[in-house]
Amino acid sequence: MSLITLSARNPMRTVLRSVLIFEVIVFGLAVPVMIFYSEVPPGWAAGLGAGAALLALVAAGTLRKSSGYLLGWLTQVVGLALGILTYMMFIVGGLFAGVWVLTFVLGKRLDAAQPSPG
């Protein structure tokens, strides 16, 4: 069992994937906020928002592998880093990162509670 992944039968994998999918939506919605509220140039806002959304989408799609979990953790960092451009993303990114960490920790507890095969 890897330190960065959950077992294949762990129900928290579905929750982690859902968090990433919701982040895709939020990162897309953050683009107009960056443009109109925080006055970030449209090209920068669209590029960074789309890049963050793409990262979350790829992470959700590859969550069966350890690389997907690494991308998921990176997505949380990127979500917080968008707060540099618009401070509201510190709050929203922090909430998503908190849900991600809580879900991952609970998933690890579920894995530890399962009897080992054999």
Side-chain angles (χ1 to χ4, degrees):
M1 176 70 55
S2 174
L3 291 176
I4 64 166
T5 62
L6 300 178
S7 67
R9 304 188 92 199
N10 194 315
M12 290 300 172
R13 286 175 50 164
T14 303
V15 180
L16 290 173
R17 185 172 286 113
S18 298
V19 169
L20 290 167
I21 295 299
F22 280 117
E23 283 182 302
V24 170
I25 296 165
V26 168
F27 293 156
L29 292 173
V31 171
V33 173
M34 286 188 271
I35 294 170
F36 295 114
Y37 185 76
S38 299
E39 299 177 356
V40 175
W44 278 96
L48 293 172
L54 182 62
L55 176 63
L57 191 61
V58 170
T62 59
L63 209 53
R64 292 183 179 156
K65 304 175 189 173
S66 61
S67 60
Y69 285 92
L70 289 173
L71 291 174
W73 286 104
L74 181 61
T75 300
Q76 305 318 307
V77 172
V78 168
L80 285 169
L82 284 176
I84 295 168
L85 298 175
T86 181
Y87 77 91
M88 288 175 270
M89 282 306 294
F90 281 130
I91 298 166
V92 176
L95 289 172
F96 274 109
V99 170
W100 175 270
V101 170
L102 178 65
T103 304
F104 189 81
V105 168
L106 291 175
K108 282 304 211 183
R109 287 185 184 175
L110 284 173
D111 280 346
Q114 297 295 323
S116 61

| Going by the side-chain hydrogen bond (donor to acceptor under 3.5 Å, both in side chains) test, which pairs reach into residues 10-33, not counting sequence neighbours? | Asn10-Asp111, Glu23-Gln76

| request: Considering only Ile, Leu, Val, Met, Phe, Trp and Tyr, and joining two whenever side-chain heavy atoms are under 4.5 Å apart, list the other residues clustered with Ile84. | output: Val33, Tyr37, Tyr87, Met88, Phe90

| query | What is the distance from atom OG1 of Thr5 to atom CG of Leu63, rounded to the nearest 0.5 Å? | reply | 9.5 Å

| said: Taking side-chain hydrogen bond (donor to acceptor under 3.5 Å, both in side chains) as the definition, give me every residue that meets it alongside Ser66, ordered by chain and number, with sequence neighbours left out. | reply: none

| Checking side chain to side chain contact (heavy atoms under 4.5 Å, CB included) for the pair Leu106/Val15: CA distance, chi angles, key distance, verdict? | CA-CA 11 Å; Leu106 291 175; Val15 180; over 6 Å; no

| request: Test side chain to side chain contact (heavy atoms under 4.5 Å, CB included) on Leu80 and Met89 and set out the steps. | output: CA-CA 6 Å; Leu80 285 169; Met89 282 306 294; over 6 Å; no

| remark: Between Thr75 and Ala59 the two heavy atoms that sit nearest each other are OG1-CB, 4.0 Å

| What pair of heavy atoms forms the shortest contact from Val78 to Ala52, and how long is it? | CG1-CB, 3.7 Å

| said: Run the side-chain contact (heavy atoms from CB on, under 4.5 Å) test against Val105 and tell me which residues pass, sequence neighbours left out. | reply: Val101, Arg109

| said: Check for me, please, whether Val26 and Leu71 land in the same ILVMFWY cluster - side-chain distances under 4.5 Å, paths through other members count. | reply: no

| Under the side-chain contact (heavy atoms from CB on, under 4.5 Å) test, which residues partner Leu48, sequence neighbours left out? | Trp44, Leu82, Leu85

| task | Go through the structure and list residues passing side-chain contact (heavy atoms from CB on, under 4.5 Å) with Ser67, not counting sequence neighbours. | result | Lys65

| request: Identify the two heavy atoms, one from Pro11 and one from Leu110, that lie closest to each other, and give their separation to 0.1 Å. | output: CG-CD1, 4.0 Å

| message | My understanding is that only residues two or more places apart in sequence, or in another chain, count here; which of them pass side-chain contact (heavy atoms from CB on, under 4.5 Å) with Ile25? | response | Phe22, Leu29

| message | By the ring pair (Phe, Tyr, Trp, His ring centres under 6.0 Å) test, which pairs, at least two apart or in different chains, include something from residues 51-80? | response | Trp73-Trp100, Trp73-Phe104

| message | Once side-chain hydrogen bond (donor to acceptor under 3.5 Å, both in side chains) is applied, do any residues pair with Thr103, and if so which ones, sequence neighbours excluded? | response | none

| query | Are the side chains of Val31 and Val40 in touch, meaning some heavy atoms are under 4.5 Å apart? | reply | no

| message | Contact between Leu55 and Phe27 at the side-chain level, heavy atoms closer than 4.5 Å - yes or no? | response | no

| So which residues get pulled into Leu57's cluster when ILVMFWY side chains under 4.5 Å apart are joined, directly or through others? | Ile21, Val24

| Distance from Thr86 atom OG1 to Ile35 atom CD1, nearest 0.5 Å? | 11.0 Å

| When clusters are formed from ILVMFWY side-chain contacts under 4.5 Å, directly or step by step, what else is grouped with Leu70? | Ile4

| field | Hydrophobic cluster of Ile91, others only, ordered by chain and residue number, side-chain cut-off 4.5 Å | value | Leu95

